[in-house]
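These numbers come from the heavy atoms of this one structure, side chains and all, not from hydrogens, waters or symmetry mates.
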Number of protein chains: 2
Amino acid sequence: MTASERTGGSEPRGQGSRDGILRAAMQLFAERGFQETSVARVAQAAGVSKALVFWHFRNKEELFAAVIDRLLEPYILDVSGQDEALDERAQLNHLVVSYLKFVQENAASVRFFLQQLLRGQRTPASLSAQIMKLYAGYRDLLVDLIARAQQKRRDMRAIAPETAATFLMWALNGILVGLLFTGNGIAEPQSAVSVLDKWLFDAGLEDDSLSPSAD
Amino acid sequence: MTASERTGGSEPRGQGSRDGILRAAMQLFAERGFQETSVARVAQAAGVSKALVFWHFRNKEELFAAVIDRLLEPYILDVSGQDEALDERAQLNHLVVSYLKFVQENAASVRFFLQQLLRGQRTPASLSAQIMKLYAGYRDLLVDLIARAQQKRRDMRAIAPETAATFLMWALNGILVGLLFTGNGIAEPQSAVSVLDKWLFDAGLEDDSLSPSAD
DNA sequence: TGGTTTATTGACCGCTGGGTTAGGCGCTCG
DNA sequence: CGAGCGCCTAACCCAGCGGTCAATAAACCA
């Protein structure tokens with residue numbers, strides 16, 4: 001089960017192996033971290049000699065950077081899906097659902113990036129910057145949507161959009177932490193959405209749809 | 001500045017060095033992680049030979065476990081401070097403030113434990129268990145307080161205590177993440193408390209005390 | 001065809017890591 | 001006093017690390 005013929009061997013020989021190395025490295029780095037993963041191990045997992053890894057990538061750090069770039073690929077803010085026809089409440093819900101779905105689907109890499117971020121100064125500044133940009137982008141979207149919703153609707157909490165967005169981000173980050181820790185997440189992501197939705201919109205209504213043992 | 005005469009050399013020679021090693025290891029593990037910290041470096045920081053480290057601790061893992069035990073010491077839920085005379089709202093606020101204060105004061109070790117937890121299976125199960133227990137204890141306290149408050153007061157959100165507690169924990173965890181990432185925290189922990197307090201108690205009031213750029 | 005380039009390898013190197021060992025110093029107790 | 005024990009060290013061991021290199025096979029181009 002050498003990874004080299006994953007694509008059927010149809011590639012120009014060179015890029016096939018590079019890709020295999022990258023894939024192996026992606027998985028190993030994500031599940032064991034940078035220090036705990038040796039280049040030899042990556043090479044072995046890719047079914048290739050260690051020297052070849054150093055032929056494709058100048059050194060381990062460069063391989064790591066390439067892996068990060070790859071892992072970041074799915075992290076584009078898909079705003080295109082924001083249907084202008086939907087009302088703001090639906091769009092907000094959609095945004096929250098997207099977030100939760102994304103985190104659940106990419107749990108491994110989210111966990112990985114969180115770990116990197118937690119390492120503080122000793123992590124490449126560019127990575128932190130990239131993630132922070134994503135974060136800020138998402139938050140701006142929230143602020144914008146909440147502000148627009150408040151202009152149109154009267155049944156909302158009277159609260160500055162920035163404050164509401166900050167609060168929402170807290171909740172989302174908290175849920176994220178819960179998801180990552182307790183392994184495989186809250187039973188019903190939908191229940192989280194409904195709590196947040198009700199917080200923003202139906203400040204006074206009662207609702208117990210959230211499972212009490214959700215932690 | 002060898003750490004050996006930290007206590008003035010009054011200890012029975014043996015435990016003094018053990019303590020010095022433990023302290024040095026504590027700091028180094030917390031700020032650089034397990035893999036990135038060599039035993040030699042710990043020994044050097046403790047002003048002691050590497051062999052002595054292995055005399056006190058069978059191997060690096062055991063040293064690590066001892067460090068974790070030490071780091072966990074301040075993590076006791078101080079419920080004694082819960083003044084029965086205070087009303088539930090004040091107690092809840094106090095609980096939240098304590099949480100935030102604790103996280104801010106112990107940021108280094110909190111970050112460290114979070115990192116450990118994120119490593120999933122490859123982290124000692126006992127550590128996860130200990131932290132989970134603390135987490136559950138805190139949450140139980142919240143549930144209890146909220147339930148008691150709801151029985152006494154009428155100005156609260158109509159929401160199941162478990163749901164409210166879960167939501168609160170989300171927010172707290174989210175704030176924690178924010179604190180740990182953006183380095184040195186939100187400017188005013190008090191503003192976070194007030195937002196959460198208002199959420200629980202004054203569902204309809206307006207308040208903008210939270211700085212918009214709090215992320 | 002033969003030379004150049006592109007991929008690939010096994011063997012190697014220097015160094016650092018965790019861990020061991022043999023021995024030394026000072027205290028205590030019979 | 002000297003045997004034994006607790007504490008401590010310098011020196012060593014060696015597996016595994018990141019990284020290099022000379023050799024070589026295949027692909028490409030003249």
Name each donor-acceptor pair under 3.5 Å that joins a side chain in residues 40-50 of chain A to protein atoms two or more places apart or in another chain, with its distance.
| from | atom 1 | to | atom 2 | distance (Å) |
| --- | --- | --- | --- | --- |
| A:S49 | OG | A:L52 | N | 3.4 |

Inset, instruction - Look at B:H56 and D:dG6 and indicate whether a side-chain polar atom (N or O) is within less than 4.0 Å of OP1 or OP2. - result: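 So the side chain of B:H56 is outside the cut-off, no N or O lying under 4.0 Å from OP1 or OP2 of D:dG6.
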
Inset, instruction - Considering just the side-chain nitrogens and oxygens of A:S17, establish if one lies under 4.0 Å of OP1 or OP2 belonging to C:dT8. - result: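 For C:dT8, OP1 or OP2 has a side-chain N or O of A:S17 closer than 4.0 Å.
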
Rounded to whole angstrom units, what separation is found between the [atom1] atom of [X] and the [atom2] atom of [N]?
{"X": "A:Q44", "N": "D:dC17", "atom1": "CD", "atom2": "C1'", "value": "15 Å"}
{"X": "A:L52", "N": "D:dC21", "atom1": "CG", "atom2": "C1'", "value": "15 Å"}
{"X": "B:D19", "N": "D:dC7", "atom1": "CG", "atom2": "C1'", "value": "16 Å"}
{"X": "B:W55", "N": "C:dC25", "atom1": "CH2", "atom2": "C1'", "value": "14 Å"}

Among all residues two or more places apart in sequence or in another chain, which pass the side chain to side chain donor-acceptor pair (under 3.5 Å) test with [X]?
{"X": "A:N106", "answer": "none"}
{"X": "A:E36", "answer": "B:R119"}
{"X": "A:S109", "answer": "A:Y75"}

Inset, instruction - Have a look at the helix from C:dG2-D:dC29 to C:dG30-D:dC1 and give the angle its two end axes make, five pairs each, rounded to 10 degrees. - result: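 About 20°, once rounded to a multiple of 10°.
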
Distances under 3.5 Å between protein N/O atoms and the N/O atoms of nucleotides 18-21 of chain C, please, pair by pair.
| from | atom 1 | to | atom 2 | distance (Å) |
| --- | --- | --- | --- | --- |
| C:dG18 | OP1 | B:K60 | NZ | 2.6 |
| C:dG18 | OP2 | B:V39 | N | 2.8 |
| C:dG18 | N7 | B:K50 | NZ | 3.1 |
| C:dG18 | O6 | B:K50 | NZ | 3.3 |
| C:dG19 | OP2 | B:K60 | N | 2.8 |
| C:dG19 | N7 | B:K50 | NZ | 3.2 |
| C:dG19 | O6 | B:K50 | NZ | 2.4 |

Legend entry - salt bridge (charged side-chain N to carboxylate O under 4.0 Å, His left out): pairs with one or both residues in residues 164-173 of chain B, sequence neighbours excluded: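 Listed once each, the pairs would be none.
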
Inset, instruction - Would you check if the distance from the ring center of A:Y138 to the ring center of A:Y99 is below 6.0 Å? - result: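 When the ring centroids of A:Y138 and A:Y99 are compared, they turn out to be within the sub-6.0 Å range.
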
Legend entry - Pair listing, side chain to side chain donor-acceptor pair (under 3.5 Å) test, anchored in residues 61-73 of chain A, at least two apart: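 Sorted result for residues 61-73 of chain A: A:D19-A:R70.
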
Legend entry - Listed partners of A:D140 passing salt bridge (charged side-chain N to carboxylate O under 4.0 Å, His left out), at least two apart: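 With sequence neighbours excluded, A:D140 shows a salt bridge (charged side-chain N to carboxylate O under 4.0 Å, His left out) to no residue whatsoever.
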
